[in-house]
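The structure presented is a predicted model; accordingly, all values stated were derived computationally and were not measured. In the text below, chain A, chain B and the rest are named by the order of the sequence lines, each starting its count at 1.
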There are 2 protein chains.
Amino acid sequence: MPRTLLERSDAVRALAGVFRRRGFESSSLSVIQQEAGIGRGSLYHFFPDGKTDMARAVLDQVSDWFEDAVFAPLRSATDAAEAVSAMTRAVADYFVSRENVCLFAAMTLGEEKETFAGEVKAYFVDWVDALAALLQRGGLTPGDAHENALDAVAMIQGGLIITRAYGDESTFLGVMERVERRLLAQLC
Amino acid sequence: MPRTLLERSDAVRALAGVFRRRGFESSSLSVIQQEAGIGRGSLYHFFPDGKTDMARAVLDQVSDWFEDAVFAPLRSATDAAEAVSAMTRAVADYFVSRENVCLFAAMTLGEEKETFAGEVKAYFVDWVDALAALLQRGGLTPGDAHENALDAVAMIQGGLIITRAYGDESTFLGVMERVERRLLAQLC
DNA sequence: TACAGCTTGTACCGAATGGTACAACTGCAT
DNA sequence: ATGCAGTTGTACCATTCGGTACAAGCTGTA
C-alpha cells in the first residue's frame, strides 16, 4: 500500500541522520529503510545508483549548507572579527544539532574514501581558504592566515572526535569558544 | 598445506594495517585473510571471538604503545618543555608511519562505537590528563593546563583528518610543529 | 621414529548484503 | 470516470558476510 508523500530533499535529510548515527558502511539498506522510514522502492527511485548515490546526495546537501551559512559569509564579510564570531556560532550550532558528526570527516576513512576524495578535499579547502582570506583581510600575512585557518578547522574537527569519545557535548562548546578566542586574538 | 610461523603480535600488527587502510567495517574476513596473509583458521585460533576480538587486540596494542612512548614519559618528565617536544616528535613519527590514521578516533564512528566506547574514552582521557598534568607542573593553572592539553590533542586529531583529505603528509607535520610551538609558548 | 599438541587451509553454514523487477497504488489533469 | 506519470511495497536475485568444524600439517620432545 504505497503512499505519496516524499520530497527528495526530505529523503536526503533522513539519510543524513542515519549515516551520522551509524556511519556509512554499517547503514545497510534494511537499516536505512527502517530508520529513515523510506521503502526500498523509493530509495532506488530517488537514488538510482544505490548507496553511493545516497551518500553523494547527503554530502552535496551538507556542502550546500556550509557554502551558504559559513563559506560565503566568510568570503563576503567586511568586519573580520564579526565574521569569525558568526562562523563559530553557526558551526557550533550545526554540529551540536547533528550529533557532533562531520560526514565529510567520516568519509576520509573506510571503503568509499576514494570515491568521495574530491568532494571531501573541496570541502576542507573551501573552508580553510575562505577563513584564511578573511584573516588576511584582517591584517595577517598570507602564511599566518593560512596556518591559523587550517589550525582552526583542525581544532574543530578534532574537537568533534574528542567530544564523541568523552560523550560530553560541553567539551565541543569549550573548544569552539577557544577557537573563536584564538582567531580574534590574531586580529589584534 | 598449513605452515607454522605466526606470533599473535605479528598478526595484530598485520590486522592494524588492514584496519587503518580500509576501516573496521569494510575489512571483511576475506579481505583480512588476503591482505594480512593470515588464514581464517589462524584468525579464529588467535581471536576466538572474531572481528570484535581482532579490533580489541589492535586497540590494546596501540594503547600499550601510547602508554609507553607518550603517556608515561609525559607523566614522569621533570623538564616540561623537553617533554612537550618529545611528545610531538613521537606522535608525529607514529602517525606518519601509520597512514595518518588514529584507530581510536575511527572507533568514535560506526557500528562498534558502543563496544569500544570505554577504551576510546580512556585513551583520550589518559592523553589529555597526562599532558595537562605536565603543563600544570610547567606553571599553568589547572584550568588552563586542561584546556591547552585538550586543544592540543584535538588539533592533532583534526590535523590527521585534514591531512587525509588533502592527501598531503606535510600538512600534518606543519600542524604538529605548531602544536609544539603553542604548548612551548604557554610554558613562558 | 613416534607421539602430542599447537597451527592452519578448506569446505561449509545460515543470515544478511546491495541491487533489480515489477505490480499495485497514488494524485492530478482532463 | 479515466488515463497517466510518478511513487512505493514486496518478492526475489546472486553474492558475500561472519562464523564453525575439522582434517591435515607442523614443531618440539623424547
Give a yes/no on whether any side-chain N or O of A:Ser42 is located under 4.0 angstrom from OP1 or OP2 of D:dT7. no
Taking only the side-chain heavy atoms of A:Tyr44 (C-beta and beyond), determine which of C:dT20, D:dT7, D:dG18 contains the nearest atom. C:dT20
From CZ of B:Phe47 across to P of D:dT20 the rounded distance in Å is 15 Å
With A:His146, which of A:Asp151, A:Asp129, A:Thr141 fulfils side-chain contact (heavy atoms from CB on, under 4.5 Å)? A:Asp129
Looking at A:Ser28, I'd like to know whether one of its side-chain N or O atoms comes within less than 4.0 Å of OP1 or OP2 on C:dA16. no
Minimum heavy-atom distance between A:Ala16 and A:Leu103, given as atom pair plus value: O-CD1, 4.3 Å
Atom-pair distance (CG on B:Asp10; C1' on C:dT8), nearest Å: 16 Å
If you draw the axis of the six-membered ring of B:Phe95, does the NZ or CZ of B:Arg98 fall within 45° of it and under 6.0 Å from the ring centre? no
Measure the distance from CD1 on A:Ile32 to C1' on C:dT17 and round it to the nearest whole Å. 11 Å
Which nucleotide, D:dG18, C:dT17, D:dG9, lies nearest any side-chain atom of B:Arg40? D:dG18
Length of the CG-P vector between A:Asp49 and C:dG18, whole Å: 15 Å
Nucleotide D:dA23, atom P - distance to NE2 of B:His45 in whole Å: 17 Å
B:Ser27 near the nucleic acid: base, sugar-phosphate alone, or nothing, with a heavy-atom cut-off under 4.0 Å? sugar-phosphate
May I have the distance from B:Phe46 (atom CZ) to D:dG19 (atom P), rounded to whole angstrom? 18 Å
Any donor-acceptor pair under 3.5 Å linking the side chain of B:Thr108 with the backbone of B:Phe104? no
What is the separation between atom CD on A:Gln34 and atom P on D:dG9, rounded to the nearest whole Å? 13 Å
Assign each of A:Phe24 and A:Gly41 the nucleotide of DNA chain C bearing its closest heavy atom; nearer the 5' end lies the nucleotide of A:Phe24
Expressed in angstrom and rounded to an integer, what is the separation of B:Leu29 atom CG from C:dT10 atom P? 16 Å
Examine C:dA16: is either OP1 or OP2 under 4.0 Å from a nitrogen or oxygen in the side chain of A:Ser30? Give yes or no. no
Mind checking whether A:Trp127 and A:Phe66 have parallel, tilted or perpendicular rings, split at 30° and 60°? tilted
